[in-house]
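Report on the structure given below.
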Amino acid sequence: MSVFPDILWLEEIRKEDIPAVGGKGASLGEMASIGLPVPPAFVVTAQAFRKFLVETNIEEYINKRLEGLDVEDSEALEQAAIDVKSVVMQTQIPASIREAVSAAYLKMSPSGEVIVAVRSSATAEDLPDASFAGQQETYLNIKGDPALINSVQKCWASLYGGRAIYYRVKQGFEHKIVNIAVVVQTLIPSEKAGVMFTSHPITGESQTTIEGSWGLGEAVVSGSVSPDKYVFDNKGKRITDYLIATKNIEIVPDGEHGTKEVQISPEKREMQVLSEQEISRLAAYGKISEDHYKIPQDMEWGIVGESIYILQSRPITTISSQKDLKTPERRGEGKILVKGRGASPGIASGRVIIVKDVKDTKNLKKGDVLVTKMTNPDMVPAMKKVVAIVTDEGGTTCHAAIVSRELGTPAVVGTINATSVLKDGQIVTVDGEKGLIYEGSIEMERLTPLQVQGSIFPATVPATIITATKVKVNVSMPEAAKKAADTGADGVGLLRIEHLILGLNKTPGWFITNGKEEEFIQELLTGIKTVLDAFPGKSVWVRTLDAPTDEFRNMQGGEDEPIEHNPMLGWRGIRRDLQSPTQFRLQVETFKRLWEAGYEDLGIMFPMVSHPDQFIKAKQLFEEWGVDTTKAVLGVMIEIPSSALLIEDFIKAGIQFASFGTNDLVQYTLAIDRNNENVAKMYEPTHPAVLMLIDHAIQVCREHDVEVSICGQAGSDPKVVKWLVEHGISSVSANIDAVAKIRETVARTEQKIILESARVKNA
Ligand code: PEP
Ligand code: MG
């Protein structure tokens, strides 16, 4: 036998020592050597295990028992596993090894009271190319010498579990040469714990994602709790996103039996687990480890009091190799089939259904991926069923993008050719953040269902961030009202009501021609009320109907819609309502009933106004139809350059607020069709001409003390919002998924302004 020691202390171990201490042991030793706060530990080496096999003569038996085993025969596999494991468990450990383990434990725990975690560390485990992680056992909360020895032996036996044998055979590792070491480590009775990815687990981007919850880390690792999630930008050294989850259970140490699950007290359930300082300290440790290993790490951590401990660090196996980090093909499985624009974040896999016509939506089942040229309002019911949406056309402000974001469904738009490249029935994975569609269903290791499907970071935000600039939310579908309200938004800056009607697959004209005016009013009433009820005491700006005629085409009544060369510049918004008094009157009647029912926070916003006369005319009609306009809150959207330029005249005409609809303002200022992929690169919300128009309107509104806001997609972009706050905007309205990060941006920008003005004063 070799003279290699049976025991090695972490301080004696380096990463090259995998043959002796296994992947886990080597990694811990290496981490300790670079200064990471690893809890004290020693390793019962693989040589000690070999010695056990040889000195007790059981090696030969094991080799024979596993030789020629057909691992596909699950009964035979299970029986072999049971036989070998029981031999390992029943064989007495040679005295020299027992004594070495006991002596090491005594050194670590002179009182014999220190509680340890005993983890197997297979020598083929945790290697970058063969992640056997999780196939061998871990025993927590072990106290005293006999329990420790027994756990070490159980770890050894775990090398012969059915799954471990199966994977070894499949990966081409010979049983004879695969060894096992055992890490014995002081158990950290974590008050909070979790995992951390030092780079984005899928794309490799330089951001640390931390998941954490109360108690021991097992709750997070096993997925039995929805943890808080924090994203830390490694370059900007700041938290860019977070989700404070409702954490119902925690895992705590439980005497001799290991651990137990207990309910978390109601006060702690909704509480943020990590402080900003802890997040940045953890990210810093992650950086040390990633820099050292030169490959992104998947780490486990625990915190007791002020002390952070790093419990494990291993390569992220979902990123195939370091040089691939910026090209997100994953482990060879991830062939990219189609690329487009990420329009709604999240990742989901499913069966492709190509929808050429709304009739094809009947083929869609729950869990499918809808692939179409462009979605229309008549497809919304189908969009609610699917796990992801892919379109040929469109930019980030197109119909598909707006609806998907609200539904929390991953979406990629503007692919140009998804409907021809992807095939009906094909299984794909859609990455709605990166705008990529992969072949097959790509396994997302360790991602919780919340992350895999829908937005990674829904916009829950602690109520403590209060900003002077109001942060509101956009809503299109009443079903999203609760989710929108849960963001803590200060109101609704845009409720697009066409979705309330078009979802019924009938045009407003159809209701009128078929004498169903009351039905039309009731549909609007119910939808708007749902949103108002979700935001008690907060202002809700409802926009009058605005849909281009081409969106009506496939609905009942669509045949009566005019065919327009350029619907974006055509019969939509306030211009259509002013020419279609019945359609306008029905909307006004709805609003009147709501105001009369006591919904004082309801404000009405007119879209696509280009001249103050349109506002004056609309207001007159409100009066004619019985609305007391001295009380009603009426405002306009600034979507056409003329309305930005004439803002002073609008104010004189009596608007009480204005809101930038940048989706259109950009297209009308720059002559870029917002849905045309060929010119999408030139669609620039921060174009100097757009910013000049916005700045002018903000300054004039401020002079006259008129609330000025934004509800276009640019209001969900932190860079634009920073600029808007610096230029004095009164409120911003973001998409549901963006409210949290926008609130953070607003808060930071305001604080900076305050600090700078204080510096100027003190200078
Ligand atoms: C806009 O134009 O920015 C806007 C919010 O309206 P829509 O996207 O509905 O045209
Ligand atoms: Mg618009």
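Just so you know, residue 1 is the first one in the sequence shown, and it goes up from there. Both counts, for ligands and for their atoms, begin at 1 and track the order of listing.
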Margin query: Students should be able to answer this: which protein heavy-atom is nearest to atom 6 (O) of ligand 1, and at what distance?
Written below: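 Closest protein heavy atom to atom 6 (O) of ligand 1: Arg543 NH1, 2.9 Å.
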Notebook entry, point to check: At what distance is the nearest protein heavy atom to atom 5 (C) of ligand 1, and which residue and atom is it?
Noted result: Arg496 NH2, 3.4 Å
Note to self: Could you enumerate the protein N, O or S atoms under 2.8 Å from the Mg ion (ligand 2), written like residue then atom name?
What the structure shows: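 As for protein N, O or S atoms lying under 2.8 Å from the Mg ion (ligand 2), they are Glu639 OE2, Asp664 OD2.
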Note to self: Heavy atoms only, cut-off 4.0 Å: how does Arg572 contact ligand 1, side chain, backbone, both, or neither?
What the structure shows: side chain
Margin query: Below a 4.0 angstrom heavy-atom separation, can you tell me which part of Leu665, side chain or backbone, both or neither, approaches ligand 1?
Written below: neither
Polar contacts were defined as any N/O atom of the residue lying under 3.5 Å from an N/O atom of the ligand; does this apply to [X] and ligand 1?
| X | answer |
| --- | --- |
| Thr397 | no |
| Asp664 | yes |
| Asn663 | yes |

Note to self: Heavy-atom contact check, 4.0 Å cutoff: does His399 meet ligand 1?
What the structure shows: no
Note to self: Distance alone, cut at 3.5 Å: any donor-acceptor contact between the side chains of Gln713 and Asn735?
What the structure shows: yes
Note to self: Before we go on, tell me: are the rings of Phe622 and Phe606 under 6.0 Å apart, centre to centre?
What the structure shows: yes
Note to self: Contact between Glu684 and Val666 at the side-chain level, heavy atoms closer than 4.5 Å - yes or no?
What the structure shows: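 Counting from C-beta outward, Glu684 and Val666 never come under 4.5 Å.
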